[in-house]
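The next block holds one structure in the form of structure tokens; read it before the comments.
Whatever order the structure lists ligands and atoms in, that order sets their numbers, starting from 1.
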Amino acid sequence: MNHGVMVKVRNLHFGYNSRNILTGVSLEVFPGEILVIVGPSGSGKSTLLKLCAGLFYPKDGDVQVKGLNIHNAPKDDVRRLREKIGFVFQDGALISNTCILDNIALPLRYHTRLSESEIEKSVSRKMELLQIDRTYDYLLPAQLSLGIKKKVCFARALVMEPDIIFYDELTAGLDAQDIQTTTGIIKDLKDVLNVTYIIASGDISLASSIADRVATLKNGKIIETVRGMG
Ligand code: ADP
Ligand code: MG
């Protein structure tokens, strides 16, 4: 067990079908840190995030989150760990036939026994935090821009008050105001709640402005890690 490291990736290999995407990724992320993974489109950033969150099974190597092997630990341990991991998917991954309010409330309904009024309170707080307009409450994801969907997805990732957030593509589809709001909240939460972030981004200048460290993924490996300005 190594609790001094939040996420430890060791010699990770993964491919889709016979095509290798990651060929020996190693990485350590420390508690309370913002680590941004940059790399060209198609380099495997989304794949790496999903592997770290336990959504895919690696071909070789392993991922420890809070000292627990996320792919091989006992099921109950992994389930408890997952409750403390938030994931903001690149495309939002909201449930298409379910309104915004219910999309954000979903993890609470699934994992907790909170009353409807407690759920409503928690959802409202996150929407306020992310400045999501309440006129969207009963709209479906398809009725919203990608920028709003991304904020809704961030709110959903926050409702369980996670220790770690995987955030896939920070800026894609967001206008300047949304980017400012989102990056501001990421930094605030890091300071207040000590949330650890692993963010994938194609935007290197934004990445270094928010990151404690920036790791570059290329040709299946992390080729360099440098200090950011966050
Ligand atoms: P990035 O997020 O850096 O743009 P991805 O992790 O999305 O990269 O994808 C890495 C490579 O894997 C790309 O070439 C992509 O086309 C391919 N890929 C991604 N998902 C799948 C999948 N489900 N099946 C087959 N190939 C995939
Ligand atoms: Mg991606």
Side-chain angles (χ1 to χ4, degrees), residues 7-29 33-65 70-71 82 85-96 103 141 144-158 162 164-175 178-179 182-183 186 195-226 228 230:
V7 180
K8 189 179 173 79
V9 177
R10 231 178 22 184
N11 192 30
L12 206 62
H13 287 69
F14 183 82
Y16 295 104
N17 310 314
S18 59
R19 205 171 133 236
N20 294 327
I21 304 294
L22 304 177
T23 53
V25 170
S26 296
L27 191 64
E28 287 188 339
V29 189
E33 184 174 44
I34 299 180
L35 180 96
V36 182
I37 298 165
V38 298
S41 174
S43 57
K45 302 181 295 296
S46 297
T47 304
L48 177 56
L49 255 49
K50 288 175 188 168
L51 278 159
C52 289
L55 302 176
F56 292 145
Y57 203 88
K59 264 189 192 162
D60 200 3
D62 57 71
V63 178
Q64 285 186 18
V65 181
I70 196 158
H71 299 101
R82 280 250 176 84
I85 298 176
F87 204 111
V88 183
F89 291 90
Q90 182 162 355
D91 60 1
L94 297 168
I95 298 181
S96 61
N103 262 287
L144 302 175
S145 70
L146 178 60
I148 310 281
K149 278 192 280 197
K150 213 58 195 257
K151 286 210 277 185
V152 170
C153 196
F154 192 12
R156 183 179 63 184
L158 286 173
I164 307 173
I165 292 184
F166 293 98
Y167 200 119
D168 199 358
E169 289 299 338
L170 201 52
T171 52
L174 266 67
D175 62 27
D178 282 335
I179 291 173
T182 306
T183 52
I186 287 174
V195 177
T196 303
Y197 286 95
I198 303 180
I199 298 171
S201 178
D203 182 338
I204 295 180
S205 67
L206 179 100
S208 59
S209 76
I210 189 176
D212 294 308
R213 282 187 303 140
V214 181
T216 305
L217 181 63
K218 207 175 167 190
N219 300 327
K221 291 187 172 72
I222 301 289
I223 55 164
E224 73 170 353
T225 305
V226 298

As an exercise, state the distance from CG of Leu35 to CD1 of Ile210, rounded to the nearest 0.5 Å. 11.5 Å
Test item: Leu217 and Val25 side chains (from C-beta on) under 4.5 Å apart, heavy atoms: yes
Classify the angle between the aromatic ring planes of Phe14 and Phe56 as parallel (below 30°), tilted (30 to 60°) or perpendicular (above 60°). parallel
Between Asp203 and Ser205 (side chain of the first, backbone of the second, donor and acceptor by atom type, cut-off under 3.5 Å), is there such a pair? yes
Do the ring centers of Tyr167 and Tyr197 come within less than 6.0 Å of each other? no
Do you know how many protein N, O or S atoms are within a distance smaller than 2.8 Å of the Mg ion (ligand 2)? 2
Quick one: does any side-chain atom of Lys151 pair with a main-chain N or O of Asp178 as donor and acceptor, under 3.5 Å? no
Can you tell if the side chain of Val7 reaches within under 4.5 Å of the side chain of Val63, non-hydrogen atoms only? yes
How long is the straight-line distance from OG1 of Thr23 back to NE2 of His13, given to the nearest 0.5 Å? 6.0 Å
Passing option when Arg213 is tested against Glu28, Glu224, Glu33 for salt bridge (charged side-chain N to carboxylate O under 4.0 Å, His left out): Glu33
Under 4.0 Å from ligand 1, counting heavy atoms only: the protein residues, by chain and number: Tyr16, Arg19, Ile21, Pro40, Ser41, Gly42, Ser43, Gly44, Lys45, Ser46, Thr47
